[in-house]
Novice: 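Shown below is the structure under consideration.
Remember, it's 1-based here, ligands and their atoms both numbered in the order they're listed.
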Amino acid sequence: MSLIEFNDVSFSYPNGFLAVDQVSFTIESGENVAIVGQNGAGKTTTVKMINGLIKPTSGKVYVNGKDTADYTTATLSREAGYVFQNPDDQIFHNTVRKEIEYGPRMLGFDEEKVQDLTQQAAHLARVEDYLEENPYNLPLSVRKFVTIASVLAMDTEILIFDEPTAGQDVAGLETLQHLLQQLQAMGKTAITITHDMDFVKTNFKKIFVMANKKLLRQVSPKALFQDRQLLEQAMLTQPFIMQLAEEIGLEDDILTIEDFVHAFSKNY
Ligand SMILES: Nc1ncnc2c1ncn2[C@@H]1O[C@H](COP(=O)(O)OP(=O)(O)OP(=O)(O)O)[C@@H](O)[C@H]1O
Ligand SMILES: [Mg+2]
């Protein structure tokens, strides 16, 4: 059985608005998946069903063999950690340290383990220098890493990052890239929602494309960025290097700077 399985899943909000429409997919243990799609496509709603923050209106979501309909969010959050799109929906302690310690403490780990997990998570998210700060005195980009650290500290098998690239500078993007690589090396399963196509191009082999409440396709970066129709349907843009290659008339398959340099030197 797959680690995560969505079986014909739909979700309507209490006001009756259908946000996710008959979505099916599987994610295997250790995979590193990106979810892309325009605003309102249903990305956040979809991932919130993995850790039980919301339950499907119809269809089934299985996580580690558990039908999420039968388990509480508290139980499911031991399997899957979700980093909120907006850090201010997640942060509620007055120091970064307390914020990160909260999760592992709630899970009942002994104090030594809580401290180890806090240290490790702060290190991975590169917020060690801010441990005694009030999160609300930190810029949004750093607050996002505080929320990432507090989810990492719970040491779940599955990690879900909702728009971690939003508002990040080059250093922030590098921290995220490094973090995803570390998680892969640790055998964790990661799901990242992002609008940053350059980040998608370099960090993921598998991309879920969502549009209008549906999962359109599961593709490789190459397959996605060469499929004009799919890009248009999902309102996505090509990475900058591909746009540039097209603008100057390079015909080859270009996804990376290396591809570009190779094609450019052949043609000019
Ligand atoms: N609590 C809610 N009640 C009613 N409708 C909601 C609620 N939350 C979200 N929606 C609607 O559901 C749809 C899908 O929202 P969702 O947040 O899953 O999209 P998204 O793909 O994550 O978008 P974004 O890229 O803007 O974060 C949107 O039209 C949104 O307005
Ligand atoms: Mg969202």
Novice: What protein heavy atom is closest to atom 25 (O) of ligand 1, reported as residue, atom name and distance in Å?
Specialist: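 Nearest protein contact, heavy atoms only, for atom 25 (O) of ligand 1 is K43 NZ, 2.7 Å.
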
Novice: Would you say A41 and ligand 1 have an N/O pair spaced under 3.5 Å apart?
Specialist: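 Yes, there is a polar N/O contact under 3.5 Å.
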
Novice: Is K60 salt-bridged to D67, cutoff N-O under 4.0 Å?
Specialist: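 Salt bridge present between K60 and D67.
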
Novice: Which part of K213 is near ligand 1, with near meaning a heavy atom under 4.0 Å away: side chain, backbone, both or neither?
Specialist: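 Within the 4.0 Å criterion, K213 makes no contact with ligand 1.
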
Novice: Consider ligand 1: state whether an atom of it lies below 4.0 angstrom from any non-hydrogen atom of G42.
Specialist: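 It does, in that a heavy atom of G42 comes within the 4.0 Å cut-off of ligand 1.
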
Novice: For T165, which of T194, D198, N203 qualifies under side chain to side chain donor-acceptor pair (under 3.5 Å)?
Specialist: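 Exactly one option meets the side chain to side chain donor-acceptor pair (under 3.5 Å) with T165, and it is T194.
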
Novice: Around atom 13 (C) of ligand 1, find the nearest protein heavy atom and jot down its residue, atom name and distance.
Specialist: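 Nearest neighbour among protein heavy atoms for atom 13 (C) of ligand 1, to 0.1 Å: F17 CE2, 3.5 Å.
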
Novice: Going by a strict under-4.0 Å cutoff (protein heavy atoms only), does atom 31 (O) of ligand 1 have a neighbour on the protein?
Specialist: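 No; the ligand atom in question lacks any protein heavy-atom contact below 4.0 Å.
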
Novice: Run the side-chain contact (heavy atoms from CB on, under 4.5 Å) test on F199 and L180 for me, step by step, so that the C-alpha distance in whole Å, both residues' side-chain angles and the decisive distance to 0.1 Å come before the verdict.
Specialist: CA-CA 11 Å; F199 191 79; L180 289 175; 3.9 Å; yes

Novice: Counting only heavy atoms not in Y13, do more than 12 sit closer than 6.0 Å to its OH atom?
Specialist: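 Yes, OH of Y13 has more than 12 neighbouring heavy atoms, counting only those of other groups under 6.0 Å.
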
Novice: For atom 9 (C) of ligand 1, find the nearest protein heavy atom and state the residue, atom name and distance (0.1 Å precision).
Specialist: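 Of the protein heavy atoms, Y13 CE1, 3.4 Å lies nearest.
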
Novice: Does E111 come within less than 4.0 Å of R105, counting only side-chain N to carboxylate O?
Specialist: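 Salt bridge between E111 and R105, a charged N being under 4.0 Å from a carboxylate O: yes.
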
Novice: Taking only non-hydrogen atoms of E163, do any sit less than 4.0 angstrom from ligand 1?
Specialist: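 Contact check E163 vs ligand 1: positive.
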
Novice: Salt bridge between D196 and K201, side-chain N to carboxylate O under 4.0 Å?
Specialist: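 Result for this pair is no, no salt bridge flagged.
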
Novice: Closer than 4.0 Å to some heavy atom of N15 - which atoms of ligand 1 meet that?
Specialist: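 Going through ligand 1 atom by atom, the ones under 4.0 Å from N15 are 4 (C).
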
Novice: Among all protein heavy atoms, pick the one closest to atom 16 (P) of ligand 1 and tell me residue, atom and distance.
Specialist: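 Residue, atom and distance for the closest contact: T45 OG1, 3.5 Å.
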
Novice: Can you tell whether the side chains of R228 and E246 come within less than 4.0 Å, N to carboxylate O?
Specialist: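 Judged by the 4.0 Å cut-off on N to carboxylate O distance, R228 and E246 do form a salt bridge.
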
Novice: I'd like to know: is the Mg ion (ligand 2) within the 2.8 Å range of an N/O/S atom from Q85, strictly under that distance?
Specialist: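 So Q85 counts as coordinating the Mg ion (ligand 2), yes.
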
Novice: Kindly assign one of parallel, tilted or perpendicular to the pair F92 and Y102, based on the angle between their ring planes and the thresholds 30° and 60°.
Specialist: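 Perpendicular.
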
Novice: Have a look at ligand 1 and work out which part of M210, if any, has a heavy atom under 4.0 Å from it: side chain, backbone, both or neither.
Specialist: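 M210 to ligand 1: no contact under 4.0 Å from either part.
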
Novice: Which protein non-hydrogen atom lies closest to atom 23 (O) of ligand 1, naming both residue and atom, and how far is it?
Specialist: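 Sorting protein heavy atoms by distance from atom 23 (O) of ligand 1 puts G40 N, 2.8 Å first.
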
Novice: So if I count the atoms of ligand 1 from 1 in the order they appear, which ones are less than 4.0 Å from some heavy atom of H195?
Specialist: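 Once the distances to H195 are compared, the set is 25 (O).
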
Novice: Just say parallel, tilted or perpendicular for the rings of F260 and F264, cut-offs at 30° and 60°.
Specialist: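 Plane angle under 30°, so parallel.
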
Novice: How far is atom 26 (O) of ligand 1 from its nearest protein heavy atom, and which residue and atom is that?
Specialist: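 Of the protein heavy atoms, N39 ND2, 3.0 Å lies nearest.
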
Novice: To check your reading of the model: name the closest protein heavy atom to atom 27 (O) of ligand 1, its residue, and the distance in Å.
Specialist: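 Atom 27 (O) of ligand 1 sits closest to the protein heavy atom Q85 NE2, 2.8 Å.
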
Novice: Any N/O/S atom of T44 sitting less than 2.8 Å from the Mg ion (ligand 2), backbone or side chain?
Specialist: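 T44 does place an N, O or S atom closer than 2.8 Å to the Mg ion (ligand 2).
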
Novice: Salt bridge check, R217 against D227: does any charged N sit closer than 4.0 Å to a carboxylate O?
Specialist: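 Yes, this pair counts.
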
Novice: Tell me which protein heavy atom sits closest to atom 17 (O) of ligand 1, plus the residue, atom name and distance to 0.1 Å.
Specialist: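 Result: T44 CB, 3.6 Å.
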
Novice: So does E31 pair up with K188, basic N to acidic O under 4.0 Å?
Specialist: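 A salt bridge is absent here (no side-chain N lies under 4.0 Å from a carboxylate O).
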
